[in-house]
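Chain identifiers are assigned alphabetically (A, B, ...) following the order of the sequence lines, protein sequences preceding nucleic acid strands; residue numbering begins at 1 within each chain.
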Amino acid sequence: MPTNPTQAEGPATATPRGAAPPGGLLRSVRLRLRESGWPFVLPSILILLALNVFPLVFSVVMSFSNVATENGLSLTAATLSNWSNLLHDSTFWASIEFTLFLVAVGVTVEYLIGLGLALLLWRKIPGGGFFRVLFTIPMMLADVAIGFMFRMIFNEQYGPLDSILRSLHLPNVLWLSSTKVAPVSIVIMDVWQWTPLMFLLLLAGLQAIPDEALEAAQIDGATGFRVVWDIVLPMLAPISVMAVFLRMLLAFTIFGNIYLLTGGGPGTSTTSTTLFAYFQGFQTFNISYGSTISLALLIIVTGTALTYLAASRFVLRRVIA
Amino acid sequence: MNESMTLRRAWRYIPLLGWTVFVALPIYWMVITAFKGNSAIYGGAKWIPWVDFTPTAEAWHEILGGTASVLGPLGHSLEIAPAATLIAVFFGSLAGYGLARFPIKLGLMRNDDVAFFIVSQRIMPPVVIVLAFFMVYKYLHLLDSILGMIIIYTGFSLPLATWFMTSYFKQVPVELEEAAYIDGDNRLSAFLRVALPLTLPGLIATTLLTFSFVWNEFLFAVILTSDRATTLPITIAVQQGEQGTSWWNICAISMISTVPMVLVAIFLQKRLVTGLLGGALK
């Protein structure tokens, strides 16, 4: 022990500052690390209670009241009327249906493309760095900027897509004015914006796979596709679960880009639930109904999240075992 | 052998270039439209500057001090985003350190439960809290104020900042802090002097990610601001006036709001990956 200079030095510098005697020093340090972490965590807990939990509770209260904003703030009891209206509101159900469509189709497509791109750029190839940066950029742009970009792209009179189709003598597509096509256009925009996140996460997951695992497979004679299917995909399972989860949460709350691309139309074909809550709260000024819609969304998101996490835990256990 | 390897890999460029076109087209269109005039937009698709249309800097004059100046909102964004980011990352680091290093008990709750409580706040759709914020802010006269925006962005960024920083602190070896205690540091100074600097790459990644969220955020801004605290995304959204949409202005403002984020993307390309992974692969 005394031959180790750093350990011999430690106590020597500490004693003059009046710390514990040399013998008990290490023990007192260990005790330090066993002290409670509350002083560090408490500020954040308080902030979250004030800025997230309290607004949530307030929202619940509003959903059971009628809110008037004319003279300050007044709440009158409305019991269950907001909630029973919600259950019979076909626009609400349409918005849920559209949101689920976006979550299911958008996130799936993003995962598959992101996985493909990550596999293509996994091994170093010339120009790989350029592709990686370019493929990351869309997720860093503002929602509203993306909404407007795609309004230009999908413009049925002056848009570049239209001019390409016309030069190929293909029929023009009613990207934004058909209730059938508009939801698909939103998915295209969402895929453009968020495939980067999947790509980044899955690429990181690929790079974290130890070389030994792949070498062992190659010694066994496995090649290309089989290596990916048998070795790589199972090892990517944990990060895939996390990536899809993150994307799902974001997709459920899609708002800004749709607001500018279609404004929820035509009709209500692209009205996401957040957009519907916003319209009710701030265009019809029915704040209590807006709260009710947003809470219904919270219930659906939470339910989906818990189901997803339970299901993925089950799947992960089987994949890893 | 080597040649056939190269050939076998060459096919990769076909899908990669295909995706490049898809990603680049909207960005290219935004950039050229920022230099287009009225006729270049409403006369059908114009692709190539100097060939198809004559570039003009009109939009730039308009938004940088002209009739549609965005300098005010740009200033608001530059106040709100850094302030909210710094506060959120500071408290997130503090909490992350506490969760990663020290035991926490509250009834049956342990570290993982408290960490889950914090991260689970991110499940909350933003629209749930913003309606309540609107009412409370109206009452407290915080609507359309820089302070109000800093507060709501801080609260909403905190869960992710805590999550990331927790995973970074778990990667820092505890021995260096033990040495700091021996040198007479208390827990706070060991955190500030030793642990925090050691997570610098992660700290930067967390900061940039939080910043990009606040910088781009739209829902809170559109509901809670109207004039004195409007942010850049709002100015993009309001360009569709009665005389039609000022596409050139929108594109120029989008470019202003985008350039810092593209720099972030380039910088983060490597760091972000480890940052997100640190949280994922525990």
Side-chain angles (χ1 to χ4, degrees), chain A residues 10 14 17 19 29 32 35-38 40-41 43-44 47-48 51-52 55-56 58-59 73 117 120 125 131-134 136-138 140-145 148-149 152-153 158 160 163 200-201 204 239 242 249 253 255-256 260 274 277 281-282 287 290-291 294-295 297-298 301-302 305, chain B residues 9 12 15-16 19-20 23 26 29-30 33 41-42 44-45 91 94-95 97-99 102-104 114 121 123-129 131-133 135 139 155 158 162 178 181-184 212 216 218-219 223 233 236-237 250 254 257-258 261-262 264-266 269 272-273 276-277 280-281:
Chain A
R17 290 211 204 171
V29 166
R32 264 276 158 70
E35 281 174 44
S36 167
W38 271 117
F40 289 93
V41 181
S44 290
I47 292 174
L48 288 176
L51 302 183
N52 277 34
L56 172 65
F58 195 74
S59 229
L73 168 65
L117 295 173
L120 289 173
I125 57 167
F131 289 121
R132 278 202 296 271
V133 170
L134 181 75
T136 313
I137 287 174
M140 307 303 294
L141 306 191
D143 265 357
V144 282
F148 263 120
M149 261 182 190
M152 296 189 293
I153 297 296
Y158 327 108
S163 91
L200 263 188
L201 290 169
I239 183 108
M242 211 267 321
L249 291 184
T253 60
F255 173 71
L260 285 152
T274 297
F282 294 97
I287 302 235
S291 293
S294 71
L295 287 167
L297 178 65
L298 173 65
V301 173
T302 310
Chain B
R9 286 197 176 165
R12 286 163 189 254
L16 286 175
W19 190 257
T20 300
V23 169
W29 203 257
M30 174 180 84
T33 305
I41 286 179
Y42 292 112
F91 284 112
L94 213 56
Y97 186 64
L99 287 166
F102 304 109
I104 289 169
V114 175
Q121 299 301 310
I123 291 179
M124 185 110 68
V127 68
V128 174
I129 63 165
L131 288 150
F133 263 94
M135 300 305 296
Y139 187 72
L158 194 55
T162 307
E178 291 179 351
Y181 293 138
I182 293 172
D183 284 352
S212 79
N216 288 332
F218 179 63
L219 178 69
I223 289 176
I236 297 176
I250 290 166
S254 297
S257 91
T258 295
M261 289 304 110
V262 172
V264 168
I266 293 169
Q269 202 251 116
L272 183 64
V273 163
L276 292 165
L277 264 196
L281 300 181

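Across B/P103 and A/E35, no two heavy atoms sit closer than the pair CD-O, 3.3 Å. What you find for A/G281 and B/L131 is that their closest heavy atoms are CA-CD2, 4.3 Å. Counting all heavy atoms, side chain and backbone alike, A/P55 lies closest to B/F133 at CG-CE1, 3.6 Å.
When each of B/T162, B/V128, B/I129 is scored by its heavy-atom pairs under 4.5 Å with chain A, the top score falls to B/V128. When each of B/P233, B/P126, B/P125, B/G155 is checked for heavy-atom pairs under 4.5 Å with chain A, B/P125 comes out on top. Interface check for chain B: of the options A/S36, A/A145, A/G256, the most heavy-atom pairs under 4.5 Å are formed by A/S36. Put simply, of A/P160, A/P43, A/A142, the one with the most heavy-atom pairs under 4.5 Å next to chain B is A/P160. The most heavy-atom pairs under 4.5 Å with chain B, out of A/T302, A/T253, A/D143, A/I153, come from A/I153.
With a 4.5 angstrom heavy-atom cutoff, A/L260 touches chain B only via side-chain atoms. Of the two parts of A/S294, the backbone and the side chain both hold a non-hydrogen atom closer than 4.5 Å to a non-hydrogen atom of chain B. Heavy atoms of B/I236 lying under 4.5 Å from chain A belong to its backbone as well as its side chain. Using a 4.5 Å cut-off between heavy atoms, A/P138 contacts chain B through its side chain alone, with no backbone atom that close. B/I123 touches chain A through backbone and side chain together, each having a heavy atom under 4.5 Å away. Interface remark: A/I125 contributes backbone and side-chain atoms alike to the contact with chain B (heavy atom separation under 4.5 Å). Heavy atoms of B/T20 lying under 4.5 Å from chain A belong to its backbone as well as its side chain. For A/F282, the part lying near chain B is the side chain, with the backbone staying farther off; criterion is any non-hydrogen pair under 4.5 Å.
Taking the six-membered ring where tryptophan is involved, the planes of A/F255 and B/F218 are essentially parallel, since the angle between them stays under 30° and well short of 60°. Ring-plane geometry between B/F102 and A/F40 is classed as parallel, the angle between the planes falling under 30 degrees on a 0 to 90 degree scale with a further cut at 60.
Taking 4.5 Å as the limit, every side-chain heavy atom of A/M140 sits out of range of all side-chain heavy atoms of B/V262. Put simply, the side chain of A/L141 reaches to within 4.5 Å of the side chain of A/M149, judged on heavy atoms. With a 4.5 Å cut-off on side-chain heavy atoms, B/T258 and B/M30 count as touching. A 4.5 Å side-chain heavy-atom check between A/N52 and A/I47 finds every atom pair outside the cut-off.
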